[in-house]
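One structure is given here, and the rest of the page talks about it.
Proteins come first, then strands; the chains are lettered A, B, ... in the order of their sequence lines, and each starts at number 1. Hydrogens, waters and symmetry mates are skipped; everything else that's a heavy atom, side chains included, is used. The structure displayed is predicted, hence computed values, not measured ones.
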2 protein chains.
Amino acid sequence: MRGVVLYAPGRVGVENRDDPRIEQPTDAVIRLSATCVCGSDLWPYRGIEKVQGPAPMGHEYVGVVEEVGSAVTSVRPGQFVVGSFFASDNTCEICRSGYQSSCVHREPMGALGAQAEYLRVPLADGTLVATPDVPPADLVPSYLAASDVLGTGWFAAVAAEAGPGRTVAVVGDGAVGLLGVLAARQLGAERIIAMSRHESRQKLALDFGATDIVTERGDEGVARIKELTGGLGAHSVIEAVGTQESMMQAIGSTRPGGHVGFVGVTHDVALPGMPLFFSHVHLHGGPAPVRRFLPELLALIGDRTIDPGRVFDLELPLDEAAEGYRAMDERRAIKTLLRP
Amino acid sequence: MRGVVLYAPGRVGVENRDDPRIEQPTDAVIRLSATCVCGSDLWPYRGIEKVQGPAPMGHEYVGVVEEVGSAVTSVRPGQFVVGSFFASDNTCEICRSGYQSSCVHREPMGALGAQAEYLRVPLADGTLVATPDVPPADLVPSYLAASDVLGTGWFAAVAAEAGPGRTVAVVGDGAVGLLGVLAARQLGAERIIAMSRHESRQKLALDFGATDIVTERGDEGVARIKELTGGLGAHSVIEAVGTQESMMQAIGSTRPGGHVGFVGVTHDVALPGMPLFFSHVHLHGGPAPVRRFLPELLALIGDRTIDPGRVFDLELPLDEAAEGYRAMDERRAIKTLLRP
């Protein structure tokens, strides 16, 4: 089959790889309907995360089940399924508490390479959620978004305790930040402030439910959020970038007793103790337990309540993956969908 | 009046200071029944926190109201009152949400110097809580504990979401950690693991409700907590030290999705982003909003349900404050009560 590999920073290609097959009785193999490039794929692409190339890439996937192992009972060949970036058993104590991305048996899907024609999914019963029917083609991008960026934005909004009566600020205007806006809207937030200086992203944020746009960042961004919230700061802040500046911007924008939900992977971040102590915020985040939210998110997509697939503003055949990476790296695209 | 001052690191004395008087119509002046030395007083005493000596010291106080300003309506002369280390209006939006120690009008009591015969308390209506009657002498140490260390340990336990069915680990065996054990017990925790290597403190922890003692610290302490919790970590961890090691020990001892309540003042701490991200913990803490808990805590003390005053294992006349500091600095005393 064809699959994307990263050879070295900046060098992505598509080559023939072995077809995946059932290795464990709990595995499934799926034929991908669509896959995509993640903001976090840009970390190794930019050389910030070390990688031993050639490395298979991609951890976002939707597709049709081809084959299942002998122990799999909850999905069957022919079903359309969505999974997330960690395979999880969904039965251990950590999964049952809603933290499937820290499952005691978790397996990172990125190592298997979801930017490909086929994908082996371990722990299929715990990992995959099937839709009632194979969906119409126009819904596929939204289901694909549920695999990571929607689930991650949703977790950030839940971690930030977005809800009725709350003012939510969103740091980061990538796909996750934009879908954090959508999630905060669905969760009933009263006011949603998107922090963005890019016109097309501002527009999508407003379409997804943002009520205010703030273009300042850093200390000026914090000052602007305070100005908009009677000097106190937002109740809930979604952090969807993962840099030192964005984390401090998120913490500084939150009122005492408020909540920061952080999902940007915090490379090269060190949170200084004293400002954190006196900020009085709640801090929660990490790799989103997308599996917790999948049943609810698939239902909202299936009945067309939400349209998260709009974050894909570039669609390419799998073989043109390199251009998909480039466009995201140069911020010409919010998110690239790849068609195997 | 007599009052404690810090001249320079390691040099504490008691000297004559001006009697405090009503300066604002919202002030009260109280005659102190007892005051004490806080673990956080040791930061400037040890020269870790810079101080311009001579500086008045102390922020923990109980006493009898002498005089109130013209705007004060909720306390009156003759009443026995307890307040905390930040004066707060208890009416602003932040106070109403339970974060009185971040009140928009807060004033640090430490600057006024509670280790003295008399104390001016700003925002008296919002800050002070009166007991139904002037209490018997043997309850005074427990009421004094409510002023800071009990309220702080309680907040840490609440922030860590200690409660029924939960395993709680406590990092730090000072007065706050020990009262975190007591708080976790009162909040209904199933299992409480005190981390301590000092016999007298272990004993008090067990009396306060600890079910297990762990003497290891750092990575070994984390490994031991994991061992005791089926490899997962505690649901709730109270951090009551404030060093880099203790913060990492607390985060490492918490299961994914669990809660860390941190109340040790985080001097020289920098939390590394990646371990925090993948720990999946909830992190909440800061200067305890003791005022939130005072009505409940005073009731529990008044009916002798709890006996937090047991953390005072050294009692001295105010004039011997220097020995009280020394004994705590050398860890000969858990906490020193001073009688004006």
Side-chain angles (χ1 to χ4, degrees), chain A residues 49 86 88 92-104 106 155 159 161 229-233 235 239 242-244 246-247 251 254-289 292, chain B residues 49 86 88 92-104 106 155 159 161 229-233 235 239 242-244 246-247 251 254-289 292:
Chain A
E49 219 171 75
F86 276 113
S88 54
C92 75
E93 196 171 328
I94 300 299
C95 280
R96 292 202 313 277
S97 73
Y99 287 85
Q100 288 91 342
S101 43
S102 281
C103 170
V104 298
R106 74 175 180 184
F155 171 59
E161 302 215 345
T229 53
L232 302 179
H235 300 94
E239 194 289 329
T243 62
Q244 185 73 21
S246 65
M247 284 294 284
I251 291 168
T254 309
R255 67 178 56 195
H259 292 75
V260 176
F262 70 104
V263 291
V265 182
T266 43
H267 290 81
D268 301 322
V269 166
L271 298 183
M274 293 300 265
L276 182 64
F277 187 82
F278 284 103
S279 74
H280 251 162
V281 303
H282 298 75
L283 196 60
H284 183 46
R292 187 203 311 179
Chain B
E49 219 172 76
F86 275 114
S88 54
C92 76
E93 198 171 327
I94 299 300
C95 281
R96 291 201 316 273
S97 74
Y99 287 86
Q100 288 89 341
S101 43
S102 281
C103 169
V104 298
R106 75 175 178 184
F155 171 59
E161 302 213 345
T229 53
L232 302 178
H235 300 94
E239 195 290 329
T243 62
Q244 184 74 21
S246 65
M247 284 294 286
I251 292 167
T254 310
R255 69 180 55 197
H259 292 77
V260 177
F262 71 103
V263 292
V265 182
T266 43
H267 291 82
D268 301 321
V269 166
L271 298 183
M274 293 300 264
L276 182 65
F277 187 81
F278 285 102
S279 74
H280 251 160
V281 303
H282 298 75
L283 195 60
H284 183 46
R292 189 204 307 177

Name every donor-acceptor pair, under 3.5 Å, that has one atom in a side chain of residues 265-273 of chain B and the other anywhere in the protein, sequence neighbours excluded.
| from | atom 1 | to | atom 2 | distance (Å) |
| --- | --- | --- | --- | --- |
| B:T266 | OG1 | A:G273 | O | 2.8 |
| B:H267 | ND1 | B:V265 | O | 3.3 |
| B:H267 | NE2 | B:E49 | OE2 | 2.9 |

Subject >> Greatest number of heavy atom pairs closer than 4.5 Å to chain B - which of A:C92, A:G257, A:G231, A:A159 >> reply: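 Among A:C92, A:G257, A:G231, A:A159, the one with the most close pairs to chain B is A:G257.
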**OP:** Pick whichever of A:P289, A:G98, A:G286 has the most heavy-atom pairs under 4.5 Å with chain B.
**Re:**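 Highest number of heavy-atom pairs under 4.5 Å: A:G286.
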Original post:
Considering only heavy atoms, which portion of B:S101 lies under 4.5 Å from any heavy atom of chain A: side chain, backbone, both, or neither?
Top reply: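 Both backbone and side chain of B:S101 come within 4.5 Å of chain A.
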Original post:
By a 4.5 Å heavy-atom criterion (distance strictly below it), what part of B:Q244 contacts chain A: side chain, backbone, both, or neither?
Top reply: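 Neither part; nothing is under 4.5 Å.
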Subject >> Under 3.5 Å donor-acceptor, A:H284 side chain and B:V281 backbone >> reply: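 Yes: the side chain of A:H284 pairs with the backbone of B:V281.
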Original post:
With no hydrogens and no angle check, is any side-chain donor or acceptor of B:E93 less than 3.5 Å from a backbone partner on B:R96?
Top reply: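 A pair under 3.5 Å: no.
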Subject >> Result of checking B:T229, B:V260, B:L232 against B:T254 for side chain to side chain contact (heavy atoms under 4.5 Å, CB included) >> reply: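 Single pass found, and it is B:V260.
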Subject >> Max heavy-atom pair count under 4.5 Å with chain A, selected residue of B:F262, B:F278, B:F277 >> reply: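 Of the options given, most contacts go to B:F277.
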Subject >> Set of residues satisfying ring-ring contact (aromatic ring centres under 6.0 Å, His included) with respect to A:H280, sequence neighbours excluded >> reply: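 By the ring-ring contact (aromatic ring centres under 6.0 Å, His included) rule, A:H280 matches B:Y99.
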